[in-house]
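Just so it is clear: chains get the letters A, B, ... in the order the sequence lines come, proteins before strands, and each one is counted from 1. Being a predicted model, the structure only gives us computed values, none of them experimental.
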2 protein chains.
Amino acid sequence: MKLTSKGRYAVMALVDLARFNNINPVSLRDISLRQGISLDYLEQIFSKLRKKEIVQSVRGTQGGYVLNKKAKEIKLTNIFDAVDEKVKTVQCKKDSKKGCNGKTTKCVTHNLWDELENHINNFFKEKSLEDLVKDNQERRI
Amino acid sequence: MKLTSKGRYAVMALVDLARFNNINPVSLRDISLRQGISLDYLEQIFSKLRKKEIVQSVRGTQGGYVLNKKAKEIKLTNIFDAVDEKVKTVQCKKDSKKGCNGKTTKCVTHNLWDELENHINNFFKEKSLEDLVKDNQERRI
DNA sequence: AGATACTTGACTATTTTAGTCAGGTTTATA
DNA sequence: TATAAACCTGACTAAAATAGTCAAGTATCT
């Protein structure tokens, strides 16, 4: 059970963006250099973040990306959701007639995995980008 | 982020074992049939569980497996640990000189992933096999 | 005009997963 | 003591997911 790079990078990049998100847009190139993430990969990630309206792009020279909402309103859930980082604990197919389908037949551990999924998602729902930035600034003193 | 089959199967098999763990050992063949898990794969899993002293094997005809501890004392952590299902959120190498190594340099989100890992592991530490069996019996009435 | 920076989509090597397969060894019981 | 049930081990592999790279644009500020 592990977190993929895509999810991790998305959060790292957004924390970076939030920290430098004063007046000017932040270019992916800068984020790439500071966070050590490939520029091409960042572009893929930000394309998704833009579609989900988490960031806005500013084109042209001196362009880059800006947060589209307040850091407080951007939760980890939103970020992971945008880049398709999903928490999957159950494999049971909804339409399977034999075995566990989550309705008529439940495998012995079905409820457990549901609980686990909720447990993890709760964590993601609570944490906002602002929390992360603050946490980071405190540790930098 | 997802749970692998190995971890899921291990828990399913142990719940099954715990339920039928009265006097006689339970054969993998029976578990395989009841839970729909390949026998060969189960053998791999139980080999690991035995090494970590979570189950005991009984050889010969009428043989099979028995729990090696009380169901209450077997936590999900123990099970996942035995089958190498680990929760990995951080990728930062301990010995890397450049970038995040978890000590001298911390990436902006290092603490976050640590927190997440703890959050998930807490869930695993609390849940015991007994909890799962009970939960299952209640829902069967 | 031209540099900068975003945008898109296709492609691919590597790794992980989820098993299968083959060939054992052990031991209860008839 | 033969034999069948059941455990035990390790090597192998197909398929899927991951983590990117690469190429070829398009938009816009100066």
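Few gaps surround CD on Glu43(A); more than 12 heavy atoms of other groups in view lie less than 6.0 Å from it. Other residues, nucleotides and ligands contribute over 12 non-hydrogen atoms within 6.0 Å of the CD atom of Glu73(B).
The interatomic distance linking Asn24(B) (CG) with dA6(D) (C1') rounds to 14 Å, in whole Å. Counting to the nearest Å, the C1' atom of dT16(C) and the CG atom of Leu3(A) are 16 Å from each other. Between Lys48(B) atom NZ and dG10(D) atom C1' there is a gap of 12 Å when expressed in whole angstrom units. Per the geometry, CD belonging to Gln35(A) stands 18 Å off C1' belonging to dG20(D), to the nearest Å. Straight-line distance from the CG atom of Asp84(A) to the C1' atom of dG20(D): 16 Å, rounded to whole Å. Going from atom CG of Leu42(B) over to atom P of dA6(D) covers 14 Å, rounded to whole Å. Remark: C1' of dT21(D) and NZ of Lys6(A) are 13 Å apart, rounded to the nearest angstrom. Between the P atom of dT17(C) and the CD1 atom of Ile45(B) lies a distance of 13 Å, rounded to the nearest Å.
The aromatic rings of His119(A) and His119(B) sit parallel, their planes meeting at an angle under 30°, below the 60° perpendicular limit.
Of the listed residues (Val55(A), Val58(A), Asn24(A)), just one forms a side chain to side chain contact (heavy atoms under 4.5 Å, CB included) with Val66(A), and that residue is Val58(A).
For the OP1/OP2 pair of dG20(D) and a distance below 4.0 Å, the side-chain nitrogens and oxygens of Tyr9(A) include at least one atom meeting the criterion.
A salt bridge links Lys48(A) with Asp84(A); the closest basic N to acidic carboxylate O contact falls under 4.0 Å.
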Annotated protein contacts, base or backbone, on nucleotides 3-10 of chain C with a non-hydrogen cut-off under 4.0 Å, one of B, S, - each: BBSBBB-B
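Annotation: cation-pi pair Arg8(B)/Phe80(B) absent, no NZ/CZ under 6.0 Å from the ring centroid and within 45° of its normal.
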